[in-house]
Every structure is written in structure tokens, then in C-alpha cells.
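First the proteins, then the strands, lettered A, B, ... as listed; each starts at 1.
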Protein chains: 2
Amino acid sequence: MSSLPVLSLGLCGFGTVGQGVWQHLEANRALLRARLGVELRVTRVAVRDARRKRDVRLPRGVLGTDPLAIARDPAVPVVCELMGGTGLAREVTLAALRLGKVVVSANKALICEHGSEILATARRHGGHFLFEASVAGGIPIIKALREGLVANRFPRIYGILNGTCNYILTRMKEQGAPYAEVLADAKRLGYAEADESLDVDGWDTAHKAAVLAWLAHGIWVRTDQMIVEGISRLTPADLRNAATLGFGIKLLAVITRDFRRDELCVRVHPTLLPAGDVIANVNGVFNAVSVTGDVVGTTLYSGRGAGRDATASAVISDLADAASLLRHGKGAYLPGEEPAASSRCRLAPPERIRSRYYVRLTVRDQPGVLARVASAMARHRVSIATVIQGPADRPRAASLVLTTHESDERAIGRTLRRLRALSAVLEDPVLLRIGDFGP
Amino acid sequence: MSSLPVLSLGLCGFGTVGQGVWQHLEANRALLRARLGVELRVTRVAVRDARRKRDVRLPRGVLGTDPLAIARDPAVPVVCELMGGTGLAREVTLAALRLGKVVVSANKALICEHGSEILATARRHGGHFLFEASVAGGIPIIKALREGLVANRFPRIYGILNGTCNYILTRMKEQGAPYAEVLADAKRLGYAEADESLDVDGWDTAHKAAVLAWLAHGIWVRTDQMIVEGISRLTPADLRNAATLGFGIKLLAVITRDFRRDELCVRVHPTLLPAGDVIANVNGVFNAVSVTGDVVGTTLYSGRGAGRDATASAVISDLADAASLLRHGKGAYLPGEEPAASSRCRLAPPERIRSRYYVRLTVRDQPGVLARVASAMARHRVSIATVIQGPADRPRAASLVLTTHESDERAIGRTLRRLRALSAVLEDPVLLRIGDFGP
């Protein structure tokens with residue numbers, strides 16, 4: 001029936017995403033053949049436990065338990081690493097790249113920890129490492145940065161990269177529900193892991209931010225070099241206060257580069273965005289990324305950031321690129337595979353990371369407290385823009401919400417240390433950044 | 001200084017976009033060399049009048065007046081057609097493709113009228129035709145459809161594809177200014193052409209819709225096969241009424257495909273979008289496209305849809321792809337270059353193009369008119385959802401704004417004919433569609 005060339009694929013890992021890839025390759029098989037001029041055929045799958053029940057029934061001879069055997073099989077030129085983790089996944093990836101294969105990965109933790117080694121191995125042996133599914137699920141943001149916007153330098157990239165946090169913040173805002181209750185729901189619905197820390201404390205977002213920063217600037221920034229703050233201390237009152245002030249709150253990754261000083265800053269924190277900012281209106285499990293290029297201006301990308309199908313869509317687009325690469329022999333060029341490493345570019349020091357701030361304090365409900373707070377801020381030249389005072393969640397206490405004019409991370413850090421030391425301040429202050437990024 | 005391979009480019013046309021391409025290639029030269037591993041060098045430029053004053057000074061020997069000579073020059077493997085028009089532009093494009101060159105184009109009118117011939121010529125002679133800049137300016141929407149979302153079928157694509165109309169509607173909404181006044185401003189600012197009809201009557205949007213429909217579905221739909229309606233009859237009152245009902249108004253292209261019946265529908269019309277729809281919040285000269293894929297779900301792309309720099313960004317991304325193609329010899333594969341032609345797919349008949357509607361009537365201010373209008377609608381089973389009655393712009397007249405429950409183009413067309421015939425209806429009714437597309 002067909003004289004099309006066949007491209008053999010090996011899937012290492014056959015969980016949710018792996019089964020999604022299989023099923024969508026089956027369902028849109030005719031379409032993909034017509035579009036690609038190649039038949040994508042999964043010929044080997046490796047799982048940990050071959051006897052486990054699965055939704056998908058594989059043909060005889062496809063299923064095995066040794067991912068390294070797939071990585072080394074000369075009959076399988078494209079290897080999909082969908083196991084997760086950074087141990088065996090790294091070995092499989094390196095083994096396949098050493099043979100000049102194309103490796104497709106959705107594993108952002110692996111890329112963050114070992115990206116440098118992986119890409120160097122790919123270059124040395126003529127292999128290719130594709131990872132569209134590692135950031136923002138089905139949104140083709142990596143292709144946009146590497147290819148569609150190749151003419152641009154990127155002064156600013158910011159966005160929502162974790163659907164779990166966005167789901168939680170959306171429900172807290174829309175229903176006034178407390179954080180713990182919404183988190184429990186998210187776990188029940190399968191949107192959050194049993195150990196939620198990777199999501200809600202911002203680490204997952206930070207991993208993805210590192211990948212985007214590398215693509216845009218050619219530099220690997222470690223998560224311990226970033227500001228990383230999560231959403232677990234936010235309350236429905238913060239979302240209400242923000243709305244009163246004309247803002248929504250989103251957990252954002254923010255990657256800014258000052259080309260004059262050649263300084264880069266990567267940070268992850270809950271951010272007050274003006275209610276009219278398109279990203280402030282991206283709700284539920286959706287992700288969104290705003291990319292400002294020096295040529296194109298500001299562009300925006302949104303879609304489902306996770307889940308079986310969105311991730312499978314991204315993996316299959318990498319498989320299509322792999323097919324294109326392999327039809328022209330190894331060593332074919334993929335734009336942006338080696339971003340221009342700016343060896344002189346440094347991380348911005350705290351005094352040059354500037355922002356307006358939102359500070360929520362739980363204070364003793366007694367006279368003179370506002371004066372003491374205001375004078376602590378004035379001492380570090382942090383200038384107050386608005387004050388909202390209201391009841392706190394505990395007796396004989398008040399909630400004091402301050403927004404500031406533009407200041408910087410060093411000044412606000414020192415201010416918070418001073419505020420914490422005041423006897424009238426009863427709890428650790430909640431600090432949020434105001435992101436007034438404009439169109 | 002450099003041992004990088006050089007790729008010679010010829011620019012046919014050196015107006016706003018051509019000069020933008022030149023300047024950005026110059027400004028980001030080091031970056032592009034690092035990212036592409038190739039030096040992109042403009043070696044020939046053709047203009048109509050070589051003596052005209054220009055912002056950009058070209059090196060000696062680059063400027064000429066014969067675009068066909070560039071198309072045929074064996075030393076120029078990549079030709080950028082930036083002249084516009086469909087006469088000489090077509091000749092230049094075909095001449096270059098017949099020599100197996102890569103042609104980069106921003107000319108949506110040319111693609112619409114001669115796309116089939118151009119792509120057939122490219123295939124026959126091993127040339128390539130790239131046209132990222134033809135739709136939605138700097139937004140890499142064509143790459144997203146062809147490559148990033150290659151795993152998907154596309155039940156629905158809709159969006160704002162004309163920045164001039166979006167600028168006019170935004171100002172009408174925000175300032176309550178009348179259409180004619182805002183249009184005059186748009187002309188002064190250079191956002192609208194002297195002959196505005198191509199923009200405001202929807203034809204520019206229709207050309208771009210045809211390109212997107214071809215990419216997604218492999219079928220060329222002519223503009224005379226589409227519903228194409230513009231914005232020139234809208235008033236600030238329509239924007240206020242829409243806001244009262246919870247909607248914004250945008251001029252949209254809407255491309256829907258029913259895969260069960262295998263029917264395609266391409267239409268361009270002002271559309272009421274729920275105020276919470278992200279696209280309803282895309283303002284000014286920005287474009288935005290929502291793409292729903294059967295695998296990925298709904299994704300969204302926005303950015304500047306026109307202008308020197310945004311267009312140059314898209315042209316340069318095509319030049320980068322051209323470099324990648326040419327490093328691997330002619331005939332290299334570009335995903336999606338031949339969308340799967342669905343020979344069985346037909347255009348949907350009017351009775352299956354379903355929507356809710358907004359109808360504004362200027363009627364005699366006398367008793368019984370609403371009853372007559374309502375009975376005209378009932379006769380075609382168009383069911384009224386809401387009624388807003390208010391003063392009209394002329395004496396002894398009232399404005400009657402009706403929204404309907406879901407109906408279809410055949411029924412609403414017959415209803416309008418009947419309404420026009422009523423003596424109490426003083427002006428041609430204004431018909432808008434309600435686009436409740438969901439997330």
C-alpha cells in the first residue's frame with residue numbers, strides 16, 4: 001500500500017505521555033504520512049514492568065524492559081526519553097546521542113541539570129537533542145524562540161509556566177477559596193502531585209525558566225542563582241487586595257536582559273499583573289509566555305501547559321523535525337541549536353533588579369504601628385504608594401497591605417529584615433512583585 | 001575574520017520592509033552568524049527608481065532596477081520578493097523557483113491568487129517558497145501550524161489578522177469616537193492606506209484567512225467563496241451595546257472544519273466575543289490567532305501584525321530556514337510544505353454555518369414595530385434572546401438591537417431580507433455574529 005520511507009522510533013517510558021504519543025500517532029497516521037512524507041513507526045517500547053495493565057495494547061515484539069538497549073539499537077534512529085528522572089534518563093540520552101541519534105525529551109529537570117553535557121555530546125557525535133515538550137506543553141514556544149524569532153535579541157520574556165499553580169490561583173480568585181482547600185482539590189483531580197512542592201514552591205517553573213533563558217541567551221542559569229518564590233503563602237485576601245488595586249496575581253517566570261550592561265536576571269515569583277495584561281486573563285491550567293524581541297516587539301503564546309495530549313502534540317512535532325533532520329543525513333542544521341553564548345553576560349546583582357512591590361503584614365492592632373512600619377521602609381528609601389488596612393485572620397491583629405513605588409531587591413530585602421524585627425509585626429511578611437510590563 | 005559560509009540574498013523591492021530587513025540583518029549580524037552558522041549577505045537589491053532618496057545607503061554595486069535579473073542570477077540562491085502586486089512579483093517568484101531557488105515572500109495577495117501555481121512550480125523544480133511574513137506579521141503562526149502543531153487536525157482557527165481594523169475598533173470602544181473620525185486618524189498615522197477598502201472591508205483579512213486555511217486543510221478557498229464583511233457600518237453604539245451584553249467586537253477570520261461531514265467554512269466578519277475571551281482583550285494594532293488542534297487543544301498567538309520591524313523579523317526567520325534548507329542541498333524537506341489535500345472536503349452550505357446573531361435596526365419610533373420585527377424573525381425560526389431599545393441617530397426613529405439564540409446563515413439571511421422589506425425599517429440592518437468559542 002505504501003512506498004513511503006519508514007522512520008523507526010523507540011519510546012523509553014510508556015506512562016501517560018508515552019501512551020498519548022502512541023495513540024495520536026495511530027489516530028492521525030494518514031495525516032502525518034501526507035504531511036511528512038515519512039511513516040513514523042514505534043518499533044520498540046521500554047517500560048519498567050512489562051506485565052502492568054495499560055490502556056494501549058502494543059503489537060507483539062514491541063514491548064521490552066531495557067531502555068539502554070533501545071538507545072543502542074542501530075535500527076532505531078530516534079529515541080524518545082519519556083521516563084523522567086535524571087539518572088537512567090541521562091544514561092539513555094547520552095548513549096543514543098553518542099551514536100548520532102536524535103533524542104526527543106520532555107524532561108526539563110534533566111535538561112536543567114545536564115543540558116550542557118547533553119548538548120555537548122550531541123554536537124560531538126552529530127546527534128540532536130529536541131525538547132519542545134519540556135516547556136509549556138503543547139505551545140510551540142521553543143520553536144518560536146529558536147526559529148520563528150531567530151532575528152531577535154530578547155530583552156524580556158515572562159509567563160505562566162506551571163498549570164497547577166495557575167489552576168490554584170484561578171480558583172482562589174474566582175471562588176475566594178483558601179489555598180489548602182484548592183490544593184487538595186487539585187490533587188484529587190490529578191493536577192497536582194502527591195508531593196506538591198515542585199509545583200507550588202516554584203521549582204518546576206524555575207526549571208522551565210532555565211531552559212527558556214538558555215535558548216534566548218545561551219547561558220545556563222542554575223535555580224540557586226535565581227529568585228524562586230512560590231504561592232503557598234498567598235491567601236484569597238491577597239487576590240482581593242490585588243483586584244482592588246487593579247491587578248491579578250500570577251506565578252510568573254521573568255527573564256530580563258539588560259543589553260547595555262550585559263546583565264541577565266531570571267526569577268520566579270507570584271506577580272501582580274495589571275488586570276488588562278493578556279496574561280492576567282489566562283486562567284485555569286493554561287500556560288502563557290510573553291516574548292519581547294528587539295525586532296518583532298512583544299509576542300504572546302498560550303495553551304495547555306501539561307497533560308497527556310498537549311505534551312504528545314509537542315513530542316510529535318519533535319519527531320517530525322527528527323524525520324526532517326534524518327532525511328538529509330546526520331549533522332543537518334537546526335536553527336538555534338547552539339545559541340550565541342555571551343561569555344561576558346553576567347547575572348544582574350540585586351540592586352539592579354527593580355520593581356514595585358506589594359507587602360502584606362500581619363501587625364498588632366494598636367496605635368503607632370503604621371508609623372513604625374513606614375519609618376522602617378523610609379530608612380531604606382522604599383517609598384510607599386498605597387496602603388490598605390483591614391482585619392487580620394487572628395484576634396487583636398490587623399492586616400496592613402502596602403504597595404511601593406519602584407525600588408530594588410536589595411532595598412526591599414533589607415526593609416523586610418527590619419520589618420521582621422519589629423515586635424508589632426506578628427508574622428513573616430508576604431512579599432509580592434508588581435509586574436507592570438506594558439504591551 | 002570569518003570562515004563561515006556566505007549565503008547571498010537578493011531583495012526585490014526595497015521599500016519599508018526591505019529596508020527593515022537590511023537594517024536588522026546589519027544590526028544583529030554577529031548574533032545571526034552565531035545562531036545560524038552562516039553569514040546572510042544581501043548582494044543584490046532591485047528597485048523601480050535607483051535615484052530615489054532612501055534612509056539606507058547600500059554598498060556600491062548592490063543596487064539595480066531589474067528584479068528578474070536577480071531571480072535568474074545563479075550567484076543568488078535566495079530571493080526575497082518584497083515588491084507587492086501580483087504581476088511582476090509573480091514572474092519574479094516563478095523565475096526563481098524554476099531555478100530551484102528559495103523564494104521568501106510577504107505577499108499574501110500573490111499567494112492567494114497564484115499559490116497553487118507557485119507551490120506546484122516549487123515542487124517541480126526543487127525550489128522552496130516561504131511566506132511567514134504574509135500572515136500576522138511577526139507572529140510565527142505559519143511555522144506553528146506547519147511544524148509546531150504538525151500532529152494536529154484543526155477543527156477551528158480564528159483571530160484578528162488586520163491591525164488597522166483592530167486599531168479602529170479599539171479607539172471606537174475606548175473613546176466612543178465615530179468610525180470616520182478614527183479612520184482619518186489611522187490614515188494620518190500611516191496605519192491605513194489612502195484607499196482603506198482592502199483593510200476595512202475585510203479583504204486583507206480574507207487573503208490571510210485563505211493562506212491559513214490552506215496551511216491547515218490543504219485547500220485553496222477563494223475570497224468569493226467566503227462570507228466577507230467589514231467594519232465600516234459599525235458605530236460606537238454597537239460597541240457600547242456589545243459591552244452591555246458582556247462582549248467586545250473584533251473583526252475576525254474564522255476557519256472551521258467539521259471532520260465528520262468533511263466540510264470547511266472560511267468567513268471574515270465583525271464578531272462579538274465574550275469579554276473574557278483573551279482575543280477580545282487584544283487591542284490596538286496587535287493581531288492574535290487562536291488555533292484549536294484535535295491533539296493540543298486550544299493555543300493562542302499574538303503580536304504586531306504589520307509594520308517594518310515585525311515583518312522584517314518574519315522575513316529573516318524565513319531567510320534562516322532558507323539557509324538551513326540550502327546547507328543540505330536542494331529538495332530538503334520542510335514539514336507541511338504540502339498539506340494533506342483532502343479532495344473530499346467541501347465548503348459548508350449556509351444552513352450549516354451556525355451562530356448566534358446581533359441585529360441592529362433603525363426603525364420608525366411608533367407602536368407595533370417590535371411586534372412586526374419579532375414576527376418576521378419567528379417566521380424563519382430565528383429566536384430572539386435579548387432586546388435593547390434606544391434612541392437612534394435620526395429624528396422619529398429608534399434603534400432596536402436584538403440578539404438571537406443559535407441559528408444559521410440561511411435563516412438569518414432570509415430574515416434580513418424580510419426585515420429590509422418592512423416599511424418601519426428605515427436603514428439596512430447591521431448584522432454581527434456572536435462568537436462564543438469557549439477556551
Identify, with sequence neighbours excluded, every residue that meets side chain to side chain donor-acceptor pair (under 3.5 Å) alongside B:Arg171. B:Tyr167, B:Gln175, B:Asp185
So how far is it from [X] [atom1] to [Y] [atom2], rounded to the nearest 0.5 Å?
X: B:Arg35; Y: A:Arg153; atom1: CZ; atom2: CZ; result: 9.5 Å
X: A:Thr299; Y: B:Arg304; atom1: OG1; atom2: CZ; result: 10.5 Å
X: B:Lys143; Y: A:Ser317; atom1: NZ; atom2: OG; result: 11.0 Å

Top of B:Asn152, B:Ile139, B:Val282, B:Val289 for chain A proximity - count of heavy-atom pairs under 4.5 angstrom: B:Asn152
Among B:Ser302, B:Gly148, B:Pro140, B:Ala288, which residue forms the greatest number of heavy-atom pairs with chain A at distances under 4.5 Å? B:Ser302
The side-chain contact (heavy atoms from CB on, under 4.5 Å) partner of B:Val150 among A:Leu36, A:Leu319, A:Asp318 is A:Leu36
For A:Phe131, which residues count as a ring pair (Phe, Tyr, Trp, His ring centres under 6.0 Å) partner, sequence neighbours excluded? A:Phe129
Taking every non-hydrogen pair under 4.5 Å, which of A:Val291, A:Ile141, A:Val278, A:Asn281 racks up the most with chain B? A:Val278
Go through the atoms of A:Asn28 and report whether side chain, backbone, both or neither lie under 4.5 Å from a heavy atom of chain B. side chain
Quick check on A:Leu149 against chain B: is it the side chain, the backbone, both or neither that has a heavy atom closer than 4.5 Å? both
Is there a side-chain contact between [X] and [Y] in this structure, where contact means two heavy atoms from C-beta onward sitting under 4.5 Å apart?
X: B:Leu300; Y: A:Leu300; answer: yes
X: B:Asp309; Y: A:Val296; answer: no
X: A:Glu147; Y: B:Glu147; answer: yes

Between B:Leu32 and A:Ala151, which heavy-atom pair has the shortest distance, and what is it? CD2-CA, 4.1 Å
